[in-house]
Every structure is written in structure tokens, then in C-alpha cells.
Amino acid sequence: MSKQIKFGAAGFIVGILSGLLGVGGGIFLVPIMVTYFNLTQHVAQATSMAIVIPTAFVSSLIYGFHGNMDISLAMNLVIGSVLGASIGARVMKRIPAIRLKQLFSGLLILVGLKMVLTL
């Protein structure tokens, strides 16, 4: 199977999960790109950010059409997120790949635990 087909299939599955669960996809894409496609942590995280834009846009439109979005809240979050992403992308370049993996993994564990414990 060609790489393009594998990438497309992974994108398709992550797109379904992203739309279903309301996430940008990075929580799925980064581990897939690092472990399955052997990309570096830096490249995987940066690529994930590029993929999040169209994925989030399409999902947001559909959620919005169904009345499931607080646009005012979203706009306020966008302002902070754009500033934070700019700073985070600059800082990421200075962090070794192993440390990025640890930070990313730790965040996933913390978020997962919080979600499980608040059921």
C-alpha cells in the first residue's frame, strides 16, 4: 500500500474521531505520525497543527449549523489561542524531541485521567 493511501486512511479515521469527539485531531495524529509513520516529534506536532485548521473548520461549520456552538466564546478563545500557539511554536523548536514526547504523553495522561474521574 502506498504512503499516500496510508496517510489518507489515517487522516480519514482521525477526521471521524475529531468530528465525533470535538477535538482537533492532534491527540490522535501526533502518536500515529511518530509511531506508525516514523516522523520526528517536531515534524509530527507541526504537521498536526496544519491539519487541525481544515479539520476544525469543517467540524465547526457542521456543529454551528446544528446550533451546538457558542460563537462568542469561540472568538474569545481564538484570540488567546492564536497568541499562545505562536509562543508555543517558537518554544517547541528549543525543546529536545524526547522531552516533547514526555510533555505530550503527560498531557494526554492528565486529560484522560481528568475525563475518566469526572464521569
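The figures here come from the full heavy-atom set of this structure, side chains too, leaving out hydrogens, waters and symmetry mates.
- The hydrophobic cluster containing L17 also contains M33, counting ILVMFWY residues as joined when their side-chain heavy atoms lie under 4.5 angstrom apart, directly or transitively.
- Partners of S60 by side chain to side chain contact (heavy atoms under 4.5 Å, CB included), not counting sequence neighbours, listed by chain and number: M69.
- Applying the ring pair (Phe, Tyr, Trp, His ring centres under 6.0 Å) test to Y63 and every residue at least two apart in sequence or in another chain returns nothing.
- To the nearest 0.5 Å, atom CG of residue L39 and atom CD of residue Q45 are 11.5 Å apart.
- When the side chains of ILVMFWY residues are joined at heavy-atom separations under 4.5 Å, either directly or via intervening members, F7 and Y36 end up in a single hydrophobic cluster.
- I51 and L108 fall within a single hydrophobic cluster, where Ile, Leu, Val, Met, Phe, Trp and Tyr are joined by side-chain heavy atoms under 4.5 Å apart, directly or via other members.
- Taking CG of L117 as the start and CE of M115 as the end, the distance is 11.5 Å to the nearest 0.5 Å.
- Paired with Q41 under the rule side-chain contact (heavy atoms from CB on, under 4.5 Å), one option of I98, V30, L103 passes, and it is V30.
- Tested against S18, the residues V14, L20, L21, I16 include a single side-chain contact (heavy atoms from CB on, under 4.5 Å) partner, V14.
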* To do: Apply side-chain contact (heavy atoms from CB on, under 4.5 Å) to the pair H42 and K93, showing each step before the final yes or no.
  => CA-CA 7 Å; H42 288 86; K93 292 170 62 174; 5.6 Å; no
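- The heavy-atom pair separating A44 from V34 by the smallest distance is CB-CG2, 3.6 Å.
- I87 and M49 fall into different hydrophobic clusters, where Ile, Leu, Val, Met, Phe, Trp and Tyr residues are linked whenever their side-chain heavy atoms come under 4.5 Å apart, directly or through other members.
- Smallest separation of non-hydrogen atoms from S48 and G26: OG-CA, 3.1 Å.
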* Intermediate values then yes/no, side-chain contact (heavy atoms from CB on, under 4.5 Å), F37 and K3 -> CA-CA 9 Å; F37 295 121; K3 258 189 174 176; 5.7 Å; no
Which atom pairs, donor and acceptor, lie under 3.5 Å between side-chain atoms of residues 75-82 and protein residues at least two apart or in another chain?
| residue | atom | partner | partner atom | Å |
| --- | --- | --- | --- | --- |
| N76 | ND2 | S72 | O | 3.1 |
| S81 | OG | L77 | O | 2.8 |

* To do: With side-chain contact (heavy atoms from CB on, under 4.5 Å) as the test, would you mind laying out the steps for V43 and T40 before giving the verdict?
  => CA-CA 5 Å; V43 170; T40 67; 3.2 Å; yes
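- At a threshold of 4.5 Å between non-hydrogen side-chain atoms, the residues L61 and V58 do not count as touching.
- In this structure the side chain of S86 reaches within 4.5 angstrom of the side chain of R90, judged on heavy atoms.
- If you chain together hydrophobic residues whose side chains sit under 4.5 Å apart, V116 and L107 never meet in one group.
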* List the steps, then state whether side-chain contact (heavy atoms from CB on, under 4.5 Å) holds for L100 with F104. => CA-CA 6 Å; L100 280 176; F104 188 82; over 6 Å; no
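- Other residues, nucleotides and ligands contribute over 12 non-hydrogen atoms within 6.0 Å of the CG atom of L73.
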